[in-house]
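Report on the following structure.
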2 protein chains.
Amino acid sequence: MLMAGAEFARPIVTVDIVLLTLHEGRLCVALLPRSAEPFAGVPALIGGYLHTDEDADAEAAVRRILKAKAGLEGIFFEQLGTFASARRDPRDWSVSIAYFALVPRGALEGGASPLELRPVDAVGEMPFDHNEIIIAALERLRGKGAYSTIPARLLPEVFTMSELQAIYETVMGERLDQSAFRRKINDLDLLEVVEGEKRQTERARRPTTLYRLKTPVAVFDRRI
Amino acid sequence: MLMAGAEFARPIVTVDIVLLTLHEGRLCVALLPRSAEPFAGVPALIGGYLHTDEDADAEAAVRRILKAKAGLEGIFFEQLGTFASARRDPRDWSVSIAYFALVPRGALEGGASPLELRPVDAVGEMPFDHNEIIIAALERLRGKGAYSTIPARLLPEVFTMSELQAIYETVMGERLDQSAFRRKINDLDLLEVVEGEKRQTERARRPTTLYRLKTPVAVFDRRI
DNA sequence: AGAATAGTGTCTATTAGACAGTATATT
DNA sequence: AATATACTGTCTAATAGACACTATTCT
């Protein structure tokens, strides 16, 4: 039995973020070369130590790290799971609270950071257990994606119905029927119309209604 | 920028388990009086420190704690989420890797431990953020429950179709049509028939086919 | 026979998928 | 008019829900 006040050697605690975005129609993870050993210089998930002196909670650490290392603020993220074992980090027993985050294409441009976008179907060998963490993120996106508006967070705030459908097709890896897709989206009452039209101009096309999500993330019962 | 090897004060890391079972037809959480300060003697979630010297990973810690504190082995559990903040524990910045576990009614009997079963709809005020953790566990059970055989882990290995239906009804909090339920379960091909029959004997009833899950946990697309 | 639960059949309403058709812009 | 995409309508198949019916045991 434990005595009151007895303590144990504490593990390392870090936060790692699987930041996903679309680049040239492919789903990509954002990687950053590690600034310190182990694996210094090797591209890895965006992450860092929990700063117990300044982070109020794990989400605060995520926000701090996203801002400092990728220049991002106000983007969607949610907890993915925690990877904790004696073996995952050569330094010590280590706990990584993993998050997955989505940004619209283009939100990463302009930042002068050495972010690398690597297609998720060709990430290659990653340091630590980052391959495993990325796989968990993809499962989450594909699983929850079909039942929520989470995939829409890969799009800018305002988008067309066709763009939304294309995102779901990419995330779920299958073609969707246009008519059924629109019917479901409308039935679920997720979107509101934004005034203004999008006009396509290479060759000639009918202008498009623009939409915005009514709520940041909606989860529903039915599959898209 | 961080220097190589720079470190930060490490937080406390614990594991907490929301152990759910059925007792008199109601869903209950198993609580244990805390053996040490803070909140010594107060019933709380089953949990404990991660032992970096003996636990290979977080799941090993869960198994160790379930065995030592509740006398349970081989039961279903899965990671729920991690609760990490400066405020959740009066001692220090604290990380709790929370798990949710299901046991059949009766698996808790015999153990002489001071386990208390408290109905989830009347848990009352709990120490730390344990109320929040319990709510997350219930959401998980109700959410994933409708799309998986997880609720069946509240039953013994062999059960009848009616028992299974009753479990889903309790978990999901709604009545289900018997015919539709059986049709879906059969279509999903989740169960195998166990030789032998269950005979009811208070008053007179037709004997029942017994079933077992084909796989420990199956997740499907369709709602039960 | 009667009670009690096990298990089946069937009708109808809803939802999904396929696919063709119409609409509206530019060149 | 031709083209390209936006958007709608409709038919059919699959699934869900309601509900009544039959089956098998014991007393």
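Model, not experiment: these values are computed from the prediction. Basis for what follows: all heavy atoms, side chains included, without hydrogens, waters or symmetry-related copies. In what follows, chains carry the letters A, B, and so on, assigned in the order in which the sequence lines appear, proteins first and then strands, with residues in each chain numbered from 1.
- Note on T208(B): only backbone sugar-phosphate atoms sit closer than 4.0 angstrom, heavy atoms only; bases stay farther off.
- Nucleic acid contact class of T160(B) (heavy atoms, under 4.0 Å, all strands): none.
- Rounded to a whole Å, the CD atom of E197(B) is 10 Å from the P atom of dC26(D).
- With respect to the salt-bridge test (charged N to carboxylate O, under 4.0 angstrom), the residues R223(A) and E174(A) qualify.
- Dashed line: the shortest gap from a side-chain N or O of S179(B) to OP1 or OP2 of dG9(C) is not under 4.0 Å.
- When distances run from any side-chain atom of R206(B) to the nucleotides dT24(C), dA18(C), dT5(C), the shortest one goes to dT5(C).
- With respect to E78(B) and K144(B), a salt bridge is recorded, a charged nitrogen being found less than 4.0 Å from a carboxylate O.
- Remark: E192(A) CD is packed, more than 12 non-hydrogen atoms of other residues, nucleotides or ligands lying under 6.0 Å away.
- Residue-level contact check: R182(A) touches the bases, meaning some heavy atom is under 4.0 Å from a base atom.
- A salt bridge does not link D129(B) with R87(B): none of the charged nitrogens is closer than 4.0 Å to a carboxylate oxygen.
- When each of dT8(C), dT8(D), dC19(C) is scored by its nearest atom to the side-chain atoms of Q178(A), the top-ranked nucleotide is dT8(D).
- As rounded to whole Å, 17 Å separates atom C1' of dA18(D) from atom CZ of F181(B).
- Between F76(B) and F100(B), the ring planes lie perpendicular to each other; the angle is over 60°, past the 30° to 60° tilted range.
- Checking dA16(C), dA16(D), dT24(C) against the side-chain heavy atoms of R222(B) singles out dA16(D) as nearest.
- The side chain of T209(B) lies closest to dG7(C), out of dA18(C), dA16(D), dG7(C).
- Per the geometry, CZ belonging to R223(A) stands 15 Å off C1' belonging to dT15(D), to the nearest Å.
- For dG17(C), the base has no donor-acceptor partner in the side chain of R175(A) [N/O atoms by modelled type, under 3.5 angstrom].
- Of the candidate nucleotides dC19(D), dA6(C), dT5(D), dC19(D) has the atom nearest to the side chain of D177(B).
- Here dG17(C) presents its C1' atom at 14 Å from CD of E169(A), a figure rounded to the nearest Å.
- Between the C1' atom of dA16(D) and the CE atom of M172(B) lies a distance of 13 Å, rounded to the nearest Å.
- As a whole-Å value, the separation of D221(B) CG from dT15(C) P is 17 Å.
- Atom CD1 of I185(B) is separated from atom P of dG17(D) by 13 Å (rounded to the nearest Å).
- Picking from dG7(C), dT15(D), dC26(D) the nucleotide with the shortest atom distance to the side chain of R199(B) gives dC26(D).
- Where Y211(A) and A180(B) each meet DNA chain D at their nearest nucleotide, the meeting point lying more 5' is that of Y211(A).
- Remark: K198(A) is not in phosphate contact with dT5(D), judged by side-chain N or O atoms under 4.0 Å from OP1 or OP2.
- Between the D177(A) side chain and the A180(A) main chain, a donor and an acceptor come within less than 3.5 Å of each other.
- Between the side chain of R183(A) and the base of dG9(D), no donor-acceptor pair under 3.5 Å is found.
- Comparing dT10(C), dT5(D), dT10(D) against the side chain of R205(A) picks out dT5(D) as the nearest.
- Residue whose closest nucleotide on DNA chain C sits further toward the 5' end, between I224(A) and P207(A): I224(A).
- dT5(C) atom P lies 14 Å from atom CD of Q165(B), rounded to whole Å.
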